[in-house]
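Read through the structure below, which is laid out as structure tokens, and then see the notes.
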Amino acid sequence: MMPMEEKEDLESDEEIPFSASATRKKVHPFDSEINIASHVDMSKSWILKRIQMGPLRSIYIVLIKAKINMLLPFGPLAILLHYLTGKHGLVFLLSMLGITPLAERLGYVTEQLAFYTGPTVGGLLNATFGNATEMIISIYALKSGMIRVVQQSLLGSILSNMLLVLGCAFFSGGIANHQKVQVFNKAAALVNSGLLLMAVMGIMFPAVLHFTRTEVHFGKSEMALSRFSSCIMLIAYGSYLFFQLKSQPNLYSPVDELQGGVNDPEDSDDEEVPEITQWETIGWLAILTLWISILSGYLVDAIQGASDSLNMPVAFISVILLPIVGNAAEHASAIMFAMKDKLDITIGVAIGSSTQISMFVIPFCVVVGWCMGQPMDLNFQLFETATLFISVLVVAFMLQDGTSNYFKGFMLILCYLIVAASFFVHVDLEKDNN
């Protein structure tokens with residue numbers, strides 16, 4: 001028998017090769033390369049993530065990435081020409097081109113903010129900031145005493161959103177998703193249609209009162225009725241917001257959620273993520289709104305001169321051209337969501353924007369004009385009021401079944417072309433009579 005100490009030494013010597021091999025196995029060159037590579041990949045992904053969410057990335061995404069941003073230099077160029085030359089037509093066209101990408105970018109930033117606020121509040125924000133351009137232009141025109149420009153531009157915004165924006169969205173969505181019938185929340189669409197009809201009622205009565213000459217005090221009764229109706233419409237819109245956001249939020253849920261449908265795995269994989277942070281979106285909203293307000297002042301100042309130099313009626317400019325520029329945000333986002341088969345957001349953007357202009361922006365301008373001492377009223381003249389009434393009826397019939405296809409969109413686009421031609425002819429007849 002061996003001594004106990006020697007036996008322990010032999011056992012320890014026998015264990016040394018095993019432990020050494022184990023150690024060598026842990027520090028194998030191949031394993032070390034894997035560990036180093038994984039650390040490098042992690043550090044690279046962290047750096048890329050920091051770059052992607054940094055301020056330079058935000059500037060690139062908002063001001064450079066989109067192709068429409070090629071029109072941004074036209075804004076400063078319009079301001080420069082305003083002071084160097086007296087060519088109002090050129091200043092007006094360049095201002096329109098400069099505001100168009102700003103309005104579209106404003107809609108994009110609002111969509112990014114919607115990722116952090118939810119779909120219902122996001123749709124409301126999209127409609128609100130989408131209408132910021134029209135609201136700023138209207139306030140500048142109202143300050144200059146251009147009452148008819150304010151009325152016609154706001155009327156044109158409603159018609160453009162209901163007929164052109166919604167029509168292009170239905171048409172594009174129907175072509176992109178021609179294999180199936182696109183559906184949306186019919187209950188929410190009918191509520192918006194009811195609000196639009198209420199706005200038509202508020203706008204129609206002062207016009208009818210004026211043209212039938214049945215006022216108690218000519219001119220004064222019409223103004224008093226307009227201001228009273230505007231306050232009622234503002235209360236109705238505030239109640240609508242409470243109903244939409246607090247009282248009955250489930251009514252405005254997407255139709256898939258109401259039916260309890262489960263999204264496809266492919267849809268979940270393609271789920272979008274925000275490209276800029278929440279505070280960056282808020283900062284960009286402030287910057288873009290300020291720049292739009294600056295350009296809007298030069299745009300409004302050049303309207304009359306542009307009408308004379310381009311031999312184009314002011315009414316046609318106000319009803320057709322200005323709303324197309326102001327609705328660039330709604331136009332782009334509504335088409336994009338329709339092609340992605342998200343028609344509830346499309347309806348919220350297009351019809352929700354029309355509802356907001358008719359029930360909030362127009363009454364708000366009447367109240368602001370009241371405070372400014374400007375005679376802004378709801379008498380939009382008989383022809384404009386009749387056009388709005390027929391357009392609301394057409395859109396209400398299109399939305400009543402809760403489905404969409406490219407043919408409905410095509411019909412809405414054709415209706416808008418008829419409206420545009422009618423305004424051009426209507427203005428020409430008035431010009432001839434004068």
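Not measured: the values here are computed from a predicted model.
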Which donor-acceptor pairs under 3.5 Å do the side chains of residues 59-74 make with protein atoms, sequence neighbours left out?
residue	atom	partner	partner atom	Å
K65	NZ	E275	OE2	3.3
N69	ND2	V62	O	3.1
N69	ND2	L63	O	3.2

List in chain and number order the residues that pass side chain to side chain contact (heavy atoms under 4.5 Å, CB included) with [X], two or more places apart in sequence or in another chain; answer none if no residue qualifies.
{"X": "V208", "result": "M204, T212"}
{"X": "W291", "result": "P76, I79, L102, I294, L295"}
{"X": "I175", "result": "F171, Y406"}

Applying side-chain contact (heavy atoms from CB on, under 4.5 Å), run through L321 and M96 and close with a yes or a no. CA-CA 9 Å; L321 296 184; M96 283 183 58; 4.0 Å; yes
Apply ring-ring contact (aromatic ring centres under 6.0 Å, His included) to Y240 and F243, showing your working. CA-CA 5 Å; Y240 162 70; F243 177 78; 7.5 Å; no
Considering all heavy atoms, the nearest [X]-[Y] contact:
{"X": "I303", "Y": "I317", "value": "O-CD1, 4.4 Å"}
{"X": "H210", "Y": "E222", "value": "ND1-OE1, 3.0 Å"}
{"X": "Y116", "Y": "T277", "value": "OH-CA, 3.3 Å"}
{"X": "I136", "Y": "S293", "value": "CG2-CA, 3.4 Å"}
{"X": "L163", "Y": "L412", "value": "O-CB, 3.5 Å"}
{"X": "A141", "Y": "V300", "value": "CA-CG1, 3.8 Å"}

Is a donor on one side and an acceptor on the other found under 3.5 Å between the side chain of [X] and the backbone of [Y]?
{"X": "S229", "Y": "S226", "answer": "no"}
{"X": "S153", "Y": "V150", "answer": "yes"}
{"X": "Q152", "Y": "V149", "answer": "no"}
{"X": "D344", "Y": "N185", "answer": "yes"}
{"X": "T281", "Y": "Q278", "answer": "yes"}

Within-4.5 Å side-chain heavy-atom neighbours: [X] and [Y]:
{"X": "T346", "Y": "I351", "answer": "no"}
{"X": "S318", "Y": "V314", "answer": "yes"}
{"X": "F205", "Y": "N379", "answer": "no"}
{"X": "F170", "Y": "V165", "answer": "no"}
{"X": "M339", "Y": "I335", "answer": "yes"}
{"X": "D377", "Y": "P206", "answer": "no"}

Just wondering, are more than 12 heavy atoms of other shown residues or ligands nearer than 6.0 Å to CZ in F115?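 More than 12 heavy atoms, drawn from other residues, nucleotides or ligands, come within 6.0 Å of this atom.
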More than 12 non-hydrogen atoms from neighbouring residues, nucleotides or ligands closer than 6.0 Å to CZ on F211, yes or no?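 Atom CZ in F211 is crowded, with more than 12 foreign heavy atoms closer than 6.0 Å.
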Can you sort out the partners of F364 under ring-ring contact (aromatic ring centres under 6.0 Å, His included), two or more places apart, ordered by chain and number?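 In terms of ring-ring contact (aromatic ring centres under 6.0 Å, His included), with neighbours along the sequence ignored, F364 is linked to F360.
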Counting only pairs under 3.5 Å, give me each side-chain donor-acceptor contact of residues 386-397, with atom names and distances, residues two or more places apart or in other chains.
residue	atom	partner	partner atom	Å
T387	OG1	F383	O	2.8
S391	OG	T387	O	2.8

What pairs of donor and acceptor atoms, side-chain ones from residues 83-92 against any protein atom, are under 3.5 angstrom apart with sequence neighbours left out?
residue	atom	partner	partner atom	Å
Y83	OH	Y298	OH	2.9
T85	OG1	L81	O	2.8

Say you draw a straight line from [atom1] of [X] to [atom2] of [Y]; how long is it, rounded to the nearest 0.5 Å?
{"X": "L159", "Y": "L154", "atom1": "CG", "atom2": "CG", "answer": "11.0 Å"}
{"X": "I282", "Y": "I287", "atom1": "CD1", "atom2": "CD1", "answer": "12.0 Å"}
{"X": "I418", "Y": "F423", "atom1": "CD1", "atom2": "CZ", "answer": "13.5 Å"}
{"X": "L225", "Y": "S221", "atom1": "CG", "atom2": "OG", "answer": "8.5 Å"}
{"X": "N405", "Y": "T403", "atom1": "CG", "atom2": "OG1", "answer": "6.5 Å"}
{"X": "S404", "Y": "L343", "atom1": "OG", "atom2": "CG", "answer": "5.0 Å"}

Summary of side-chain hydrogen bond (donor to acceptor under 3.5 Å, both in side chains) pairs that have at least one residue in residues 139-149, sequence neighbours excluded: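 Counting only pairs at least two positions apart or across chains, the side-chain hydrogen bond (donor to acceptor under 3.5 Å, both in side chains) contacts touching residues 139-149 are R148-Q151, R148-E384.
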Between M376 and L142, is the side-chain contact (heavy atoms from CB on, under 4.5 Å) condition met? List the steps. CA-CA 8 Å; M376 172 70 183; L142 195 61; 3.9 Å; yes
F424/F316 aromatic ring centres below 6.0 Å: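 Judged by ring-centre distance (under 6.0 Å), F424 and F316 do meet the cut-off.
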Could you list the residues that satisfy side chain to side chain donor-acceptor pair (under 3.5 Å) with [X], not counting sequence neighbours?
{"X": "T355", "value": "N192"}
{"X": "Q182", "value": "D341"}
{"X": "S160", "value": "N327"}

Assess whether side chain to side chain donor-acceptor pair (under 3.5 Å) is satisfied between Q304 and S307, documenting all intermediate values. CA-CA 5 Å; Q304 187 60 51; S307 174; 4.6 Å; no
Working note: L195 + S358, criterion side-chain contact (heavy atoms from CB on, under 4.5 Å); need CA distance, chi angles, decisive distance, verdict. CA-CA 9 Å; L195 285 172; S358 59; over 6 Å; no
Does L399 form a side-chain contact (heavy atoms from CB on, under 4.5 Å) with L166? I'd like the steps, not just the answer. CA-CA 11 Å; L399 298 177; L166 187 64; 4.3 Å; yes
Who pairs with D401 by salt bridge (Lys or Arg N to Asp or Glu O under 4.0 Å), at least two apart in sequence or on another chain?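 Here the qualifying residues are K408.
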